[in-house]
> 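My questions will all concern the structure given below.
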Amino acid sequence: MKPVTRIAPSPTGFLHVGTAHTALYNWLFTRKHGGKFILRIEDTDIKRSDSAMSDVIIESLKWLGLKWDDGPYFQSDKFPIYKKYADLLLEKGKGYFCYCTPEELEERKKEAISQKKTRKYDRKCLDLSDFEKEKLKDRPKAIRFFIPDGKVSFEDGLHNKVERDSQDIEDFVILKSDGTPSYNLACVVDDYELGITNVIRGEDHLVNTFKQILLYKAFGWKPPEFVHHPMILGTDRSKLSKRHGAVSVLDYKKQGILSEALVNFLALLGWSPGNDREIMLRDELIELFSLDRLSLTASVFDIKKLEWMNGEYIKKLGDEELLDRVLNLPEPRTPNPEPREYMLKIVNILKPRMQKLTDFVKFSDYFFEDPTQYESEGVDKYFKIPEVSQRLSLVKDRFSELKEFNVEAIESAVRKLASELGIKAALLIHPIRLALTGKTGGPSLFHIVEILGKEAVIRRLKKALLFLKT
RNA sequence: GCCCUCAUCGUCUAGGGGUUAGGACACCACUCUUUCAAGGUGGGGACAUGGGUUCAAUUCCCAUUGGGGGCACCA
């Protein structure tokens with residue numbers, strides 16, 4: 001049987017990398033086995049859900065290249081159906097009305113905690129007399145699920161058999177007093193109705209699964225197979241959250257991370273192919289993926305490794321492709337003067353030192369405007385040599401005389417001048433770089449000179465000579 | 001507090017009853033080089049602790065400790 005899986009984000013925020021991680025495993029598993037991957041938006045909490053967030057989540061998933069085969073389904077479209085199922089449990093005597101107000105519940109919970117007693121629901125409304133019910137009939141009422149005695153267990157694909165005493169589970173709400181379903185009910189009903197065969201989700205849901213198993217039993221449905229994968233942690237080993245930095249998938253896009261690098265990196269956070277392979281393209285991931293190779297331990301999100309991997313992916317890109325991606329960056333935008341040839345040359349020499357797309361903007365400023373200042377470290381090191389003015393002046397003259405202004409001609413002119421002066425070429429190269437770029441580091445100087453062109457180079461050398469006089 | 005769960009370098013991980021415990025990121029050094037990167041070479045760095053089982057345990061079992069998650073009319 002072909003597997004049917006799903007990713008079920010709730011639109012209360014952006015697409016979190018943790019959700020993307022789960023989506024990726026579902027997607028890989030489904031692609032590998034030729035099944036169906038469904039997108040379901042869990043927007044039952046009307047107050048907290050935002051349709052703009054649904055759009056962002058959809059956009060993020062698309063950017064990652066995790067295409068779904070069916071959906072998106074919206075749970076908010078199905079409120080009557082969940083209510084029908086909740087009523088069914090009520091009829092079967094597996095659920096009961098609860099008239100307790102949130103305030104009452106809160107108060108009793110506090111009391112339970114202060115008395116160090118178990119803090120689960122006290123079943124106050126389970127055995128109300130008709131008289132009491134009559135008294136409460138105008139109050140809004142929720143439906144709770146009655147937890148039967150005994151043990152609840154299921155086979156998790158990673159953890160094997162997990163078991164829990166049902167005494168430790170409270171009679172949870174399945175239908176809120178406003179008539180909307182709670183998470184566990186909606187989830188079970190939808191997984192059943194959509195024919196989900198494999199639920200692959202984060203370990204934070206492991207405890208929910210016991211409740212869901214009980215619901216499947218109450219309905220008489222066969223539960224899907226479950227796999228609870230470990231979670232992604234921040235550097236302090238707590239649940240990854242905003243205070244650790246970017247957690248939204250789109251944040252990484254903005255930073256100039258490539259989706260294929262993020263996918264590769266996320267795949268390796270809690271999974272490995274069993275050998276030393278690390279850089280794996282989408283198709284290779286699909287081919288190598290298997291659920292039983294998932295790790296059992298939570299993993300720390302190491303941004304440094306992501307950036308390294310991103311650099312590897314950038315190096316694989318052709319100049320044209322890389323340039324297009326750089327130009328598509330929303331912020332910060334790079335200048336994009338004509339002709340395209342000019343931009344391609346810059347991309348070509350900057351590529352090996354880029355780790356993020358945004359690095360292009362950071363590293364390329366001097367290709368678009370004359371430097372307005374010189375790095376002070378460089379000034380101390382290269383501009384304070386007494387002979388520097390004379391040398392740069394000679395360089396300027398030699399460059400002006402060049403008929404062919406290409407890397408070979410430029411390099412030989414500089415080296416020739418150096419040997420005539422009886423100095424090392426570096427003593428010319430460093431001050432030239434500083435004069436042309438304002439920086440002490442960067443790509444091959446001769447390439448920079450060629451790309452900038454004779455006119456700009458001469459102009460900048462003159463400016464530097466002026467600066468040296470003052 | 002109760003419940004679930006996990007435990008190999010700083011981080012991601014491979015491995016598994018007998019290994020010099022492998023790789024990657026990061027770090028350091030050297031090298032290449034006009035510089036910065038990239039590349040190349042090398043280096044430091046790990047089986048949480050205590051009990052079993054066994055000829056042998058990092059690997060299997062138990063406990064402890066530590067970490068993570070959950071305990072909502074959130075999902």
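None of the values given here were measured: they were computed from a predicted structure. Each chain gets a letter, A, B and so on, in the order the sequences are listed, and its residues count up from 1.
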> Rounding to a whole Å, what distance do you find between Leu158(A):CG and G69(B):P?
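Spelled out: CG on Leu158(A) to P on G69(B) is 18 Å.
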> Distance between the P atoms of A48(B) and C36(B), in whole angstroms?
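The same atom, P, in both gives a distance of 41 Å.
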> Report which part of the nucleic acid Arg277(A) touches: base, sugar-phosphate, or nothing (heavy-atom distance under 4.0 Å, all strands).
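Nothing, no heavy atom under 4.0 Å.
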> Heavy atoms, side chains only, cut-off 4.5 Å: are Leu15(A) and Leu64(A) in contact?
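Answer yes - side chains close enough.
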> Do Glu104(A) and Arg139(A) sit within salt-bridge range, that is, some charged N less than 4.0 Å from a carboxylate O?
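Yes.
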> Taking any heavy-atom pair under 4.0 Å as a contact, classify Cys187(A): base, sugar-phosphate, or nothing.
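The answer is nothing, as Cys187(A) stays clear of every strand by at least 4.0 Å.
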> In whole Å, measure the gap between the C1' atoms of G40(B) and U33(B) for me.
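Rounded to whole Å, the distance is 13 Å.
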> Choosing from C25(B), A72(B), U34(B), which nucleotide comes nearest the side chain of Trp308(A)?
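Selected nucleotide: C25(B).
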> With C1' as the reference atom in both, quote the distance from A14(B) to A21(B) in angstrom, rounded to an integer.
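To the nearest whole Å, 10 Å.
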> Give one of base, sugar-phosphate or nothing for Leu268(A), where a contact means two heavy atoms less than 4.0 Å apart.
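The answer is sugar-phosphate, as Leu268(A) gets under 4.0 Å only of primed atoms, P, OP1 or OP2.
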> Would you mind reading off the distance between Lys161(A) atom NZ and U5(B) atom C1', rounded to a whole angstrom?
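Interatomic distance, NZ of Lys161(A) to C1' of U5(B): 17 Å.
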> Across the strands shown, which category fits Asp43(A) at heavy-atom distances under 4.0 angstrom: base, sugar-phosphate, nothing?
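No contact at all - Asp43(A) keeps every heavy atom at 4.0 Å or more from the nucleic acid.
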> Would you mind telling me which of C6(B), A37(B), G68(B) lies closest to the side-chain atoms of Pro352(A)?
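Closest of the options to the side chain of Pro352(A): A37(B).
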> As a test of reading the structure: which of C73(B), A7(B), G1(B) is closest to the side chain of Thr297(A), going by heavy atoms?
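In terms of side-chain proximity for Thr297(A), the closest of C73(B), A7(B), G1(B) is A7(B).
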> Counting only heavy atoms not in Lys316(A), do more than 12 sit closer than 6.0 Å to its NZ atom?
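No, not enclosed.
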> Need the pair for A24(B). Rule: Watson-Crick or G-U wobble, both distances under 3.5 Å, any strand; none if unpaired.
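Matched A24(B) with U11(B) under the 3.5 Å cut-off.
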> Check every atom of A75(B), U11(B), U13(B) against the side chain of Arg237(A) and return the nucleotide holding the closest atom.
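Per side-chain heavy atoms of Arg237(A), the pick is U11(B).
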> What does Arg40(A) touch in the nucleic acid at a heavy-atom separation under 4.0 angstrom: a base, only the sugar-phosphate, or nothing?
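Nothing, no nucleic acid heavy atom in range.
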> State whether the distance check finds a donor on one side and an acceptor on the other, under 3.5 Å, for side chain Arg353(A) versus base C36(B).
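Under the 3.5 Å cut-off, the side chain and the base do form a donor-acceptor pair.
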> Does Lys176(A) place a side-chain N or O at less than 4.0 Å from the phosphate oxygens OP1/OP2 of C74(B)?
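Lys176(A) to C74(B) OP1/OP2: side-chain N or O found under 4.0 Å.
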> Check this for me: does the side-chain of Asn208(A) come within 3.5 Å of the base of A75(B) through a donor and an acceptor?
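Pair found.
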> Let me know, please, whether Pro140(A) or Ser299(A) comes out on the 5' side of the other along RNA chain B by nearest nucleotide.
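Nearest nucleotide further toward 5': that of Ser299(A).
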> Taking the P atom in each of C27(B) and U11(B), what is the distance between them to the nearest angstrom?
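Each nucleotide's P atom is 16 Å from the other's.
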> Any strand is fair game: report the nucleotide pairing with A63(B) by Watson-Crick or G-U wobble, both distances under 3.5 Å, or none.
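Partner of A63(B): U49(B).
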> Looking at the rings of Tyr25(A) and Phe289(A), which for Trp means the six-membered one, are their centres under 6.0 Å apart?
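That pair passes the under 6.0 Å test.
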> Tell me what Glu170(A) touches on the nucleic acid: a base, only sugar-phosphate, or nothing, going by heavy atoms under 4.0 Å.
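Glu170(A): backbone/sugar contact only, no base atoms under 4.0 Å.
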> Is Phe446(A) touching bases, backbone alone, or none of the nucleic acid, heavy atoms closer than 4.0 Å?
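Base contact - Phe446(A) has a heavy atom under 4.0 Å of at least one base atom.
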> Check Arg353(A) with Asp359(A), please: is the shortest side-chain N to carboxylate O separation under 4.0 Å?
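Between Arg353(A) and Asp359(A) there is no salt bridge, as every charged N stays at least 4.0 Å from the carboxylate O atoms.
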> Base, sugar-phosphate alone, or nothing: which one does Gly274(A) contact when heavy atoms must sit under 4.0 Å apart?
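If one applies the 4.0 Å heavy-atom cut-off, Gly274(A) turns out to touch the sugar-phosphate alone, with no base involved.
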> State the pairing partner of U58(B); accept Watson-Crick or G-U wobble contacts with both distances under 3.5 Å, and report none otherwise.
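In the structure as shown, U58(B) has no Watson-Crick or wobble partner.
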> Which whole-number value in Å describes the distance from Leu306(A) CG to C25(B) P?
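So the CG-P distance, Leu306(A) to C25(B), works out to 14 Å.
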> How close or far is atom C1' of C12(B) from atom CG of Leu240(A), stated in whole angstroms?
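To the nearest whole Å, that distance equals 14 Å.
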> So what does Asp204(A) hit on the nucleic acid, given a heavy-atom distance under 4.0 Å: a base, only sugar-phosphate, or nothing?
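Sugar-phosphate only.
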> Is there a donor-acceptor pair under 3.5 Å between the side chain of Ser60(A) and the backbone N or O of Leu250(A)?
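No.
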> If I pick the P atom on A46(B) and the same atom on G22(B), what distance separates them, to the nearest angstrom?
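Straight-line distance between the two P atoms is 11 Å.
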> Does a side-chain N-to-carboxylate-O contact under 4.0 Å join Glu42(A) and Arg201(A)?
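Answer for the salt bridge query: no.
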> Looking at Asp370(A) and Arg460(A), would you say the former's side chain and the latter's main chain have a donor-acceptor pair under 3.5 Å?
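A pair under 3.5 Å: no.
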> Between U58(B) and G17(B), how far is it from one P atom to the other, in whole Å?
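Approximately 14 Å lies between the P atom of U58(B) and that of G17(B).
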> Could you tell me whether the side chain of Lys305(A) has a donor or acceptor atom within less than 3.5 Å of a complementary atom in the base of A26(B)?
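By the distance-only test, no, there is no pair.
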> Regarding Asp45(A) and Arg48(A), does a basic nitrogen lie under 4.0 Å from an acidic carboxylate oxygen?
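Counted as a salt bridge, because a side-chain N and a carboxylate O are separated by less than 4.0 Å.
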> Could you work out which one of U13(B), A38(B), C25(B) sits closest to the side chain of Asp302(A)?
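Nearest nucleotide to the side chain: C25(B).
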> Mapping His447(A) and Ala142(A) to their closest nucleotides on RNA chain B, which lands nearer the 5' end?
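With His447(A) and Ala142(A) compared, the 5'-side residue is His447(A).
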> Given U5(B), A75(B), U13(B), which nucleotide is nearest the side-chain atoms of Asp45(A)?
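That would be A75(B).
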> Whom does C36(B) pair with, Watson-Crick or G-U wobble, provided both distances fall under 3.5 Å?
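Result: none.
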> What contact category does Arg48(A) fall into here, base, sugar-phosphate, or nothing, at under 4.0 angstrom with non-hydrogen atoms?
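If one applies the 4.0 Å heavy-atom cut-off, Arg48(A) turns out to touch a base.
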> Ser272(A) side chain N/O closer than 4.0 Å to the phosphate oxygens (OP1, OP2) of A14(B)?
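Answer is yes, contact under 4.0 Å.
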> Considering every strand and a 4.0 Å limit on heavy-atom distances, what is the contact class for His159(A): base, sugar-phosphate, or nothing?
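Touches sugar-phosphate only.
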> Atom CG of Leu175(A) to atom C1' of C73(B): distance rounded to whole Å?
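Computing the Leu175(A):CG to C73(B):C1' distance gives 9 Å.
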> Scan Glu163(A) against the nucleic acid and name what it touches under 4.0 Å (heavy atoms): base, sugar-phosphate only, or nothing.
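Contact class for Glu163(A): sugar-phosphate only.
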> Taking atom P of C3(B) as reference, at what distance in whole Å does atom CD of Gln167(A) sit?
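Computing the Gln167(A):CD to C3(B):P distance gives 11 Å.
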> Distance check needed: A75(B) C1' versus Leu206(A) CG, whole Å only.
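Computing the Leu206(A):CG to A75(B):C1' distance gives 16 Å.
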> With a non-hydrogen cut-off below 4.0 angstrom, is Ser177(A) in contact with a base, only sugar-phosphate, or nothing?
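If one applies the 4.0 Å heavy-atom cut-off, Ser177(A) turns out to touch a base.
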> Which nucleotide sits closest to the side chain of Lys239(A): G70(B), C6(B), A75(B)?
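Comparing G70(B), C6(B), A75(B) against the side chain of Lys239(A), the answer is G70(B).
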> In whole Å, I'd like the distance from the NE2 atom of His21(A) to the C1' atom of G68(B).
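Taking atom C1' of G68(B) as the reference, NE2 of His21(A) is at 15 Å.
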> Mind checking the C1' distance from C28(B) to G44(B)? Whole angstroms is fine.
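Here C28(B) and G44(B) have their C1' atoms 8 Å from each other.
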> Would you mind telling me which of A75(B), C73(B), C4(B) lies closest to the side-chain atoms of Arg164(A)?
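Of A75(B), C73(B), C4(B), C4(B) is nearest to the side chain of Arg164(A).
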> Answer yes when Asp190(A) and Arg6(A) have at least one side-chain N-carboxylate O distance shorter than 4.0 Å, and no when they do not.
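Salt bridge absent between Asp190(A) and Arg6(A).
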> Within less than 4.0 Å of OP1 or OP2 of C74(B), is there a side-chain N or O belonging to Ser182(A)?
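Answer no for this pair, as no side-chain N or O of Ser182(A) is under 4.0 Å from OP1 or OP2.
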> For the side chain of Asp168(A), starting at C-beta, report the closest nucleotide among C3(B), G23(B), U35(B).
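So the side chain of Asp168(A) is nearest to C3(B).
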> Under 4.0 Å between any heavy atoms, over every strand shown, what does Glu278(A) touch: base, sugar-phosphate, or nothing? Just pick one.
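It contacts base atoms.
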> Looking at G1(B), which nucleotide sits across from it as a Watson-Crick or G-U wobble partner, both distances under 3.5 angstrom, or is there none?
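Answer to the pairing question: C71(B), which forms a Watson-Crick or G-U pair with G1(B).
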> I'd like the C1' distance from C47(B) over to C73(B), given in whole Å.
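So the two C1' atoms sit 47 Å from each other.
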